[in-house]
There are 2 protein chains.
Amino acid sequence: MITETIQQRFKDHGLKNTPQRTAIYTALVETTSHPTADDLYQLVSQDYPMISQNTVYYTLGVLQKAGLIREVNVGHDRARYDGNLSPHHHLICTSCQSIVDVMDERLNELSFPNGIPSGFTITDYQVEFRGYCKACRSKTA
Amino acid sequence: MITETIQQRFKDHGLKNTPQRTAIYTALVETTSHPTADDLYQLVSQDYPMISQNTVYYTLGVLQKAGLIREVNVGHDRARYDGNLSPHHHLICTSCQSIVDVMDERLNELSFPNGIPSGFTITDYQVEFRGYCKACRSKTA
DNA sequence: TCTCTTTTAGGAATCATTACTAACTAGCAA
DNA sequence: TTGCTAGTTAGTAATGATTCCTAAAAGAGA
C-alpha cells in the first residue's frame, strides 16, 4: 500500500494525516490476522515508542466511523479489527480464535430472509463459519 | 416449558437442580430477547432477591459448556445469551442492538465455502443480518 | 442420615475500554 | 511564513463487565 493513497483516503474522509494514524491504518490494511487494539499497539510501538494505547483506541474509532475499517466479532473478549473492506466472510477457530478470510463469491448473493418483523430494513449481512484450524485439530488428536 | 423437563435436562448433563439454576435457564428459554447476564440477574432477582451476579455468570458458563444455551455476538459490549437451540440466525439492529430471530430454513443449507485453508474443519455457521428496526428508523427519519 | 461434590454469595481483583485533560500539530488562510 | 483553530495525542484516572477466591450452603446418591 502506497502512503500517497492512504493520505488521500484520509483526506477524502476529512481526517488529518498523522504519522501515528498512518501507521495504525497501514498495519491494519497489510495484515490478514484481524488484530486486537493491543496487537496494533504492540506493533506500532516498534516504530513509535511514545504512542499511547489511547491513541490506538481513538484512531480505531475514527477509522471505523469513517468506514475505512470494520470491527469483527469473535466472542466477547477483545474487539478485533479488519482493514479489508472487500466483501468477504470469516472462518473462526473455536479453539484458538484465529480468523481466516472467506472470499467465496457465492456467499455475497444470499437473498434476504423471510419472516422478519415489518419495518425492519436490512443493510447487509455476514456469515461466520466456525470450526477448528489445522494446528488446533492436531493438538486435540 | 415444564419444570419436569428442565430437571431432566439438567440431570442428563450431570448438572444439579437448584432453584437459581432453574430460574435462570427458564428465563432464558422463555424469552426471545437475547438478554445479557445482567438482564437475567435483574429478572431472576425478582424471585430470588439474594441471588448474586456471580451465580448468574457461573450458571451461564455451566449451561453453555453443557450445550444447553449459546452465546450471541453483538459487538463487544456485553455477552448476550440465547436459550433457543433450534437452528436459526439473527437480525441485529445497528442502532439499538436488539436481536431478532431469523428462522428462514433456506439459510440452514448453505454449502461450505471454497478456498479455506487445508486442514480447517468447519463445524457450523451463523448468518448475522444487520439493519435498522422499525422504531430506530422512525427516530432517525 | 451421612458424605461428597457442586453450587452459591460476597468481596476483591482483573482487564479491556472509555473519559478527562492539557499539550501538541496538521491544515488552512491571511 | 506565520497564526489560528479544530482535531489529535499521550498520560492518567475511571468505568464496567467479567473472573477469581473462598467459606458456607445445599443437591444427590449411598
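The chains referred to below are lettered A, B, ... by the order of the sequence lines, with proteins before strands, and numbering in each begins at 1.
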Side-chain donor-acceptor pair under 3.5 Å between B:T36 and B:D38, yes or no?
no

Is the base of D:dA26 touched by the side chain of B:K16 through a donor-acceptor pair closer than 3.5 angstrom?
no

Minimum-distance nucleotide (side-chain atoms of B:Y57 versus D:dT9, D:dA17, D:dG27)
D:dA17

Round to the nearest Å and state the distance from A:H13 atom NE2 to D:dG7 atom P.
16 Å

So does A:N17 get a side-chain nitrogen or oxygen closer than 4.0 Å to the phosphate oxygens (OP1/OP2) of C:dG27?
yes

Within residues 58-78 of chain B, find the residues that approach DNA chain D with a heavy atom at under 4.0 Å, and present them sorted by residue number.
B:R78

Take atom OH of B:Y48 and atom P of C:dT7, then tell me their distance rounded to the nearest Å.
16 Å

Taking the six-membered ring where the residue is Trp, are the ring centres of B:Y25 and B:F10 under 6.0 Å apart?
yes

Partner residues of A:D77 under the side-chain contact (heavy atoms from CB on, under 4.5 Å) criterion, sequence neighbours left out
A:Q97

Looking just at side-chain N and O atoms, do B:D101 and B:H34 make a donor-acceptor pair shorter than 3.5 Å?
yes

Any A:Q20 side-chain N or O less than 4.0 Å from OP1/OP2 of D:dA10
yes

Given C:dA9, is OP1 or OP2 found less than 4.0 Å from the side-chain N or O atoms of B:T55?
yes

Could you label the plane-to-plane angle of the A:F129 and B:Y125 rings as parallel, tilted or perpendicular, counting under 30° as parallel and over 60° as perpendicular?
tilted

Atom CG of A:D39 to atom C1' of C:dA16: distance rounded to whole Å?
13 Å

Both B:M50 and B:R21 contact DNA chain C. Which one's nearest nucleotide lies toward the 5' end?
B:R21

From OH of B:Y81 over to C1' of D:dT18, roughly how many Å is that when rounded to an integer?
9 Å

For B:T18, answer base if it contacts any base atom (sugar-phosphate contacts may also be present), sugar-phosphate if it contacts only those atoms, and nothing otherwise; contact means non-hydrogen atoms under 4.0 Å.
sugar-phosphate

Between B:D82 (side chain) and B:V72 (backbone), is there a donor-acceptor pair under 3.5 Å?
no

Among B:V62, B:T59, B:L85, B:L60, whose side chain to side chain contact (heavy atoms under 4.5 Å, CB included) with B:I69 holds?
B:L60

Assign each of B:A79 and A:L15 the nucleotide of DNA chain D bearing its closest heavy atom; nearer the 5' end lies the nucleotide of A:L15

A:Y41 atom OH is separated from C:dC15 atom P, nearest whole Å, by 16 Å

If I take atom CD in residue A:Q53 and atom P in nucleotide C:dA16, what distance separates them, rounded to the nearest angstrom?
8 Å

Give the rounded distance in Å between these two atoms: OH of A:Y25 and P of D:dT8.
15 Å

